[in-house]
Amino acid sequence: MHTSGLHHVTVVSSDPQRNRDFYEGVLGLRLVKQTVNFDDPGTLHLYYGDGLGSPGTILTFFPIPGLTPGAAGTGVTERIALAVPSGAIPAWRARLDAAGIASADDATGLVVRDPDGLSIELVESDEISSATPWAARTDPAIAIQGIAGVYLASAAASSTERVMTAWLGLADHDAGVFRASAALGGTVTVRDAAGDPRTRRGAGIVHHIAFRAAGGGEQLQWLDHLRRSSAVPTPVQDREYFTSIYFREPGGVLLEIATDGPGFARDEAVDELGTRLCLPPWFEEHRAALEEHLPRLEPAPELGARA
Ligand code: ZN
């Protein structure tokens with residue numbers, strides 16, 4: 001079996017308004033859903049992506065106010081690469097400068113840290129494009145198109161590499177670099193981090209990465225395939241906007257297989273995505289208590305209006 005690429009990346013963060021100000025206001029992603037962590041409904045779950053929150057464009061956050069910063073070490077996704085159109089990097093450098101956010105060039109792109117210290121790399125690509133890009137907050141010529149790839153720091157790199165090829169069906173592209181069939185969300189880079197300190201969990205640390213399954217039938221095939229590959233996947237879990245199975249690979253990284261559908265327009269009109277707190281039916285009876293307890297977020301200020 002093979003996955004067509006990454007579906008989403010989920011991160012633990014701290015202050016939710018600061019998170020929104022950065023991902024919506026600075027990076028220009030669309031906040032496509034405000035809901036709760038289904039495993040801990042006292043915590044928000046924010047989803048950002050392209051205009052629809054299409055698979056391969058989604059970054060999600062569990063913001064826990066006041067959470068202390070973590071430190072990425074082994075067994076974790078240590079960097080997320082986001083794709084921008086060719087030639088857009090100079091404009092991004094200027095945009096980040098104007099927002100007072102430090103950025104640095106590296107061999108493959110422009111690296112910036114989110115407010116919790118998570119490493120984000122902007123990479124130019126003509127291949128990686130969204131069918132429904134979101135440019136309400138940026139010039140369409142520079143808008144982020146989606147996830148280009150992820151960088152994994154593995155405690156057992158050869159095992160992690162085997163997971164990428166034998167379990168997930170990615171192609172062995174270059175030393176430590178693996179490619180899925182889709183360009184969007186298509187690249188996984190594995191770094192041998194054996195001997196590095198273990199990851200200290202906290203704000204700015206990636207919780208898990210999810211790969212795509214076309215639908216529920218394919219997800220059941222994945223469940224069977226993973227069990228036969230000696231993984232220990234969870235049963236299928238209903239995440240409302242997709243269904244999920246989770247398993248940990250031998251290098252320590254938590255992985256998920258998520259279905260493409262039903263998607264974020266399930267409970268909101270497309271032009272209203274992300275504008276209110278959405279709850280799955282099983283939490284609806286607790287709405288009043290949750291709304292009382294959860295932080296209420298304002299839209300990110302326009303960049304020029306930042307204090
Ligand atoms: Zn997930």
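Index from 1, following the sequence. For ligands, and for the atoms within them, numbers begin at 1 and follow the listed sequence.
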- Message: Is there a side-chain contact between Arg227 and Phe247 in this structure, where contact means two heavy atoms from C-beta onward sitting under 4.5 Å apart?
- Response: no

- Message: If the cut-off is 2.8 Å, does any N/O/S atom of His7 fall short of it from the Zn ion (ligand 1)?
- Response: no

- Is His208 close enough that one of its N/O/S atoms sits under 2.8 Å from the Zn ion (ligand 1)? yes

- Message: Does the plane of the ring in Tyr47 sit parallel, tilted or perpendicular to the ring in Phe242? Use 30° and 60° as the thresholds.
- Response: perpendicular

- Message: I want to know whether His45 and Phe62 have ring centres closer than 6.0 Å.
- Response: yes

- Determine which of the N, O or S atoms in Glu256 is closest to the Zn ion (ligand 1) and give its atom name. OE1

- Query: If we ignore angles and hydrogens, is there a donor and acceptor under 3.5 Å between the side chains of Thr74 and Asp196?
  - Reply: no

